[in-house]
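The figures here come from the full heavy-atom set of this structure, side chains too, leaving out hydrogens, waters and symmetry mates. Order of the sequence lines fixes the chain letters, A, B, ..., with proteins taken first and strands second; residue numbering starts at 1 for each chain.
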There are 2 protein chains.
Amino acid sequence: MRIEIVAVGTELLLGQIADTNSAWLGEHLAANGVASHFHQAVGDNHDRITLALRTALARSDGVIMCGGLGPTQDDITREAIADVMNVALVRDQAIVDVIAGFFEARGRTMTDNNARQADVPQGATLIPQVAGTAPGLICPVGNKVVYAVPGVPYEMSEMFERGILPDLRARMAASGEESGVIASRVLRTWGASESGLAESLQDRIDALDASGDVTLAFLASGIEGIKVRITARARTLEDVTALLDKEDAEVRRAIEDRLGDIVFGVDDESMEVAVATRLIARGLTFGVAESLTGGLIASRVVNVAGASSWFRGGVVAYDSQVKFDVLGVPTGPVVTESAAAAMAEGAARVTGADVGLGITGVAGPDDQEGVAPGTVFVGLHLPGLPPQTRELRVPGDRERVRQYGAISALDLLRRALDASST
Amino acid sequence: MRIEIVAVGTELLLGQIADTNSAWLGEHLAANGVASHFHQAVGDNHDRITLALRTALARSDGVIMCGGLGPTQDDITREAIADVMNVALVRDQAIVDVIAGFFEARGRTMTDNNARQADVPQGATLIPQVAGTAPGLICPVGNKVVYAVPGVPYEMSEMFERGILPDLRARMAASGEESGVIASRVLRTWGASESGLAESLQDRIDALDASGDVTLAFLASGIEGIKVRITARARTLEDVTALLDKEDAEVRRAIEDRLGDIVFGVDDESMEVAVATRLIARGLTFGVAESLTGGLIASRVVNVAGASSWFRGGVVAYDSQVKFDVLGVPTGPVVTESAAAAMAEGAARVTGADVGLGITGVAGPDDQEGVAPGTVFVGLHLPGLPPQTRELRVPGDRERVRQYGAISALDLLRRALDASST
C-alpha cells in the first residue's frame with residue numbers, strides 16, 4: 001500500500017511554517033509498514049488542491065490530506081475532495097449538533113461558518129472529532145481512498161492513530177497485501193554522539209544486514225537525545241515481538257559495553273518518566289530549584305501522569321536575590337558548583353522533598369560572573385548522602401542551552417538514583 | 001512565474017527530518033514576487049524523481065530541485081534531470097579538478113564517487129560551488145527551467161541567492177513579467193475562535209477580493225492562538241509596506257470593534273514578549289506562582305531576551321503544602337479564586353517583585369476538590385491595586401490545559417497592565 005501525503009495550506013508554500021505534519025505522518029506510516037513515495041504541499045486554492053489530489057491518486061493507492069478542514073472561507077479541502085469524488089457535500093446534522101455543543105460548553109455561539117465543518121462528501125465516513133470541531137473523513141475513490149484530517153498537529157496525530165491506521169490495516173488485510181507484521185521499538189539515549197552510537201552498534205548492523213528481517217536506524221532528536229529504532233518484520237505479532245526483544249537485548253549490551261548507561265527509555269518514555277519510575281520505586285518525593293532553566297525542569301516533570309504523588313514543587317530563582325532569600329544560597333557568586341549544591345539543598349528544604357535538584361549556569365549570549373555561555377552546574381541532594389555536583393558544557397543558543405541543561409540535569413539525577421540504590 | 005519545489009531524499013518521506021529547505025525556498029520565492037503553488041518531496045529513486053519532476057514541469061513554469069547532488073550512490077538528481085531533458089550526462093573536467101583540489105586541501109583523497117558530482121546534463125549551465133563539492137545546475141527544458149541545488153541548507157540558500165534568483169529575474173524580465181514584491185505580516189490574536197475572527201473580518205475579505213493585491217488568511221496555531229496573515233503584492237518594497245500598513249490598521253479596527261483587544265503581537269512576537277514590553281515600559285519587575293502549569297509560565301518568560309532585567313523568579317507550588325508554607329496561601333481549598341489571589345500576592349512577596357501572577361486549577365484527568373478538569377483560576381497582583389482574579393475554562397487534555405492556562409494567564413496580565421496604565 002502506497003500512501004501519498006498532501007498538506008494543504010498557503011502558509012506551507014510561503015514558508016511561514018515548516019511542514020512537520022508530513023514528517024510525522026511519514027514516520028508513522030513507515031513504522032506501520034506503509035510506503036510513502038511522494039509528499040505534496042498545496043495552497044488554499046480549489047483548482048490546485050484538486051489537481052494535487054488527482055496527481056496523488058494517479059500515482060499512489062491512497063492519499064492523506066492534512067489541513068483545510070477549518071471553519072473559514074479558505075478551508076476548502078472538503079469541497080476539493082467532493083469535486084474529485086464527483087459527489088455532493090451534504091451537511092450532517094449530528095455533527096452540527098456536536099459543534100454547537102462544543103461552543104455552548106464554552107459559553108460561545110456557533111457561527112454559520114462553523115456549520116461548514118459538518119459538510120461531508122456523499123459516501124464518505126467520518127472520523128469523529130474528540131478535540132476541536134472538524135471531523136476527519138475517509139473517502140473512497142474507486143478502489144483507492146482519500147483520508148482528510150485537520151492540520152492542527154495533535155488533532156492530526158490523534159485521528160491518524162484512531163481513524164486512519166485501523167482503516168489502512170483493514171484495507172491491507174482485505175487486499176491480501178499484508179505479508180506480515182512490521183513493528184518498531186525505539187531505545188532512547190542521552191549523552192552519546194550519533195557517530196559514537198553508530199560505531200558501538202556497527203557489529204550489530206553488519207550482523208543484521210545478512211538477515212533483513214531486523215534493521216537498525218538512528219534518529220537524532222535534538223534535545224531529546226538520539227534514538228535507536230529497531231524495526232522487525234515477521235509473520236505474526238508474537239514473532240515480531242520476539243525479534244524485537246532479542247535485538248533490544250543485543251543493542252543494549254553493545255551500547256552498554258562501549259558507552260555505559262546511556263539508554264534511559266523506550267518508545268515514548270521521556271527522561272522525566274525515567275526519573276519518576278526510580279523515585280516512585282523508592283518512595284521518594286522531589287523538589288527542584290532552577291536558575292537558567294527557568295521552570296523547564298518543573299514543567300517537564302508535571303507532565304508525567306501521577307506526578308502529584310511524588311513532585312512537591314520548585315523555585316525558579318532567576319534573580320540572585322531569590323537564590324539567597326528563598327533557597328538560602330550563601331551570598332556571593334551564583335554560577336558555581338557550590339551554589340548548585342546549595343540550591344539542591346534549598347529545593348528539598350523549601351518544598352519539603354526527599355530529593356532536591358539545583359541547576360544554575362549561563363544561557364548566554366553573554367558571560368556571567370566571568371563564566372562562559374553553555375556552562376551549567378547541577379547539584380543533587382539525596383537523602384543520607386553528601387551533596388553531589390557536576391559541571392556540564394552544553395552547546396547552542398539560549399534556548400538550546402536551557403533545553404540541554406534541563407534534560408542533562410534529569411539524566412544526572414537518573415544515574416545518581418541508580419547509583420545510590422545499589 | 002510559478003516555481004515548484006521538489007525536495008529529494010528518502011529521509012524526508014520517512015520523517016527523519018522536517019523539510020525546512022522547502023519552507024525557506026517558499027518564503028524567499030514569495031519575497032521576490034515568484035509564486036509557488038506546489039511543493040513535492042520524493043525519495044532517492046530514479047523513476048519517482050523523474051515522475052515528480054515531470055509532474056512539476058507540467059503544472060509550473062520552473063522547478064527547484066533540492067537534494068540528491070551528493071557523492072553517494074543514492075544521490076541521483078543529476079541522472080533524473082538528464083533523463084527528463086533527454087540528454088546525456090557529461091563529466092566536466094574543470095569541476096573534477098575543483099573537487100580534487102577541495103580534497104587535496106584537506107589532506108584527503110578524492111574517490112570515484114566524488115567525481116560523479118562533476119557530471120552535468122548536456123545543455124545545463126553551472127552554479128559553481130563555493131562550499132562543499134557539488135555545483136548547482138540550471139537546466140533548460142523547452143521554455144521552462146529546472147534548477148538543482150544541494151540539500152545542505154547553507155549551500156542551498158547560498159546558491160539560491162547567487163545563482164537561481166538572478167536567473168529567475170532575467171527570465172521574468174525577458175518575458176515581460178513584473179517581478180514585484182510579495183510580503184506578509186501576521187497579527188497574532190488570543191481569545192477568539194477562528195470562525196469568530198473570520199466573521200469580524202468578513203467585510204474586509206469581501207472588500208479585498210475585488211482588488212487582489214492584498215489577501216487575508218487565518219492560521220490556527222493551537223496554544224499560540226490564531227494568526228491573521230496579511231499578504232500584499234506590489235511593484236516595490238515601499239508600495240508593499242504601505243499596503244501592509246494600511247490593511248494592518250483596517251484589520252485591527254475591524255477586530256477591535258467586534259472582539260475587543262485580542263491582537264497581542266505581530267509576526268514573531270509571543271505573548272510573553274507582549275507582557276515584557278508592558279512591564280519594561282513601566283519599570284515593573286515580575287514574579288509568578290504556578291500550580292497546575294508547573295513552571296510553564298516561568299519557562300516561557302525566561303525565553304524573552306533580557307528577561308533578567310525584569311523577571312525575578314517564581315515558585316512552582318505543585319503540592320498544597322508548598323502553597324501554604326512558601327506562598328502563604330491560607331490553609332484550605334487551593335483550587336479557588338482566593339487561593340489564586342493569595343498565590344499572586346505570595347509570588348510578588350517571595351520573589352520581591354512589583355507584579356505577581358498566581359495560577360491554580362485542575363489539569364485533569366480527574367476532578368480535584370470537586371472542581372472539574374479545565375477549570376483554571378488566575379490571580380494578579382499589581383502595585384497599588386487590590387488583587388484581581390479570573391476564572392477560566394480551558395479545553396483539552398492535561399498538557400493542553402496547562403499550555404492554554406499559561407498563555408491565558410499571560411494574556412490576562414497583558415490586559416490588566418494595559419487597563420491599569422490608563
Side-chain angles (χ1 to χ4, degrees), chain A residues 10-20 23-27 30 36-44 48 51-52 55 59 70-74 106 108 111 113-114 131 152 219 294-296 298-299 301-303 308 311-319 321-322 326 350-352 398-399, chain B residues 12-20 23-24 26-27 30 36-43 48 51-52 55 59 184 193-196 198-199 205 217-220 222 229 294-296 298-299 301-303 308 311-319 321-322 326 350-352 393 395-396 398-399:
Chain A
T10 303
E11 68 277 11
L12 297 166
L13 298 181
L14 293 175
Q16 293 175 335
I17 57 172
D19 184 9
T20 53
W24 190 95
L25 285 167
E27 182 185 351
S36 183
H37 292 166
F38 302 94
H39 294 178
Q40 289 185 84
V42 61
D44 303 311
R48 291 173 209 142
L51 178 54
T55 300
R59 63 189 180 186
T72 65
Q73 296 296 342
D74 58 3
R106 281 155 188 78
R108 304 196 326 229
T111 64
N113 267 337
N114 284 106
V152 180
L219 183 54
L296 261 185
S299 64
V301 158
V302 298
N303 271 331
S308 59
F311 182 56
R312 303 275 303 174
V315 174
V316 178
Y318 207 61
D319 191 275
Q321 202 63 44
V322 177
V326 181
V350 169
T351 66
R398 274 164 74 86
E399 168 69 6
Chain B
L12 298 166
L13 298 180
L14 293 175
Q16 292 174 338
I17 57 171
D19 184 9
T20 52
W24 190 94
E27 182 184 350
S36 183
H37 292 166
F38 302 95
H39 293 178
Q40 289 185 84
V42 61
R48 291 174 209 141
L51 178 54
T55 300
R59 63 190 179 185
S184 287
S193 68
E194 190 176 350
S195 53
E199 275 175 28
I205 294 167
F218 301 93
L219 182 56
R229 185 182 63 226
L296 262 184
S299 64
V301 157
V302 298
N303 272 331
S308 59
F311 181 57
R312 304 274 303 174
V315 175
V316 178
Y318 207 59
D319 191 275
Q321 203 63 44
V322 177
V326 181
V350 169
T351 67
R393 298 277 312 160
R398 275 165 72 85
E399 168 69 7

Colleague: Among the options Gln321(A), Arg398(A), His37(A), Glu11(A), pick out the one with the most heavy-atom pairs lying under 4.5 Å from chain B.
Modeller: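 Going by pairs under 4.5 Å, I would pick His37(A).
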Colleague: Using non-hydrogen atoms only, which part of Val326(B) is less than 4.5 Å away from chain A: side chain, backbone, both, or neither?
Modeller: side chain
Colleague: Quick one, Asp44(A) and Gln73(A) - any side-chain contact, counting heavy atoms below 4.5 Å?
Modeller: no
Colleague: At a heavy-atom separation under 4.5 Å, does Arg48(A) approach chain B through its side chain, its backbone, both, or neither?
Modeller: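 Looking at Arg48(A), backbone and side chain both touch chain B.
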Colleague: Where does Ser308(B) contact chain A at under 4.5 Å (heavy atoms): side chain, backbone, both or neither?
Modeller: both
Colleague: Determine the minimum heavy-atom distance between Phe218(B) and Asp74(A), stating which atoms define it.
Modeller: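 In this case the closest contact between Phe218(B) and Asp74(A) is N-OD2, 3.6 Å.
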Colleague: What is the distance from atom CD of Glu27(B) to atom OG of Ser36(B), rounded to the nearest 0.5 Å?
Modeller: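 It is 12.5 Å, given to the nearest 0.5 Å.
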Colleague: When heavy-atom pairs shorter than 4.5 Å are enumerated against chain A, which of Gly396(B), Gly196(B), Gly294(B), Ala52(B) gives the highest number?
Modeller: Gly294(B)
Colleague: Using non-hydrogen atoms only, which part of Asn303(A) is less than 4.5 Å away from chain B: side chain, backbone, both, or neither?
Modeller: both
Colleague: For Leu12(A), which atoms come within 4.5 Å of any heavy atom of chain B: side chain, backbone, both, or neither?
Modeller: backbone
Colleague: Most heavy-atom pairs under 4.5 angstrom with chain A, which of Ser195(B), Ala217(B), Ser193(B)?
Modeller: Ser195(B)
Colleague: Taking side chain as C-beta onward, heavy atoms only, is Phe311(A) less than 4.5 Å from Val316(B)?
Modeller: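 Yes. Closest side-chain heavy atoms under 4.5 Å.
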Colleague: If you compare all heavy atoms of Thr72(A) against all heavy atoms of Ala198(B), which two are closest, and at what distance to 0.1 Å?
Modeller: CG2-CB, 3.7 Å
Colleague: With a 3.5 Å cut-off and no angle check, do the side chains of Thr111(A) and Asn113(A) form a donor-acceptor pair?
Modeller: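 No, no side-chain donor-acceptor contact under 3.5 Å.
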Colleague: Not counting sequence neighbours, which residues clear salt bridge (Lys or Arg N to Asp or Glu O under 4.0 Å) with Arg393(B)? List them please.
Modeller: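 Per chain and number, Arg393(B) pairs via salt bridge (Lys or Arg N to Asp or Glu O under 4.0 Å) with no residue.
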Colleague: Find out whether Phe38(A) and Thr55(B) are in side-chain contact, i.e. whether some heavy atom of one side chain is under 4.5 Å from a heavy atom of the other.
Modeller: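 When only atoms from C-beta onward are counted, Thr55(B) and Phe38(A) do not touch, as no gap falls below 4.5 Å.
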Colleague: Contact part of Arg312(B) toward chain A, heavy-atom cut-off under 4.5 Å: side chain, backbone, both or neither?
Modeller: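 Arg312(B) touches chain A through backbone and side-chain heavy atoms alike.
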Colleague: Do you know which of Pro395(B), Gly314(B), Ala23(B), Gly313(B) has the most heavy-atom pairs under 4.5 Å to chain A?
Modeller: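 When all of Pro395(B), Gly314(B), Ala23(B), Gly313(B) are compared, Gly314(B) has the most.
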Colleague: Does the side chain of His39(B) reach to within under 4.5 Å of the side chain of Asp19(B), using non-hydrogen atoms?
Modeller: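 They are not in contact (no side-chain heavy atoms under 4.5 Å apart), so the answer is no.
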Colleague: Which one, Val322(A), Leu13(A), Val315(A), Thr10(A), leads in non-hydrogen pairs under 4.5 Å with chain B?
Modeller: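 Answer, by heavy-atom pair count under 4.5 Å with chain B: Leu13(A).
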Colleague: When heavy-atom pairs shorter than 4.5 Å are enumerated against chain B, which of Val301(A), Val152(A), Asn114(A) gives the highest number?
Modeller: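 Option with the top pair count is Asn114(A).
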Colleague: Is chain B contacted by the side chain of Thr351(A), its backbone, both, or neither, given a heavy-atom distance below 4.5 Å?
Modeller: both
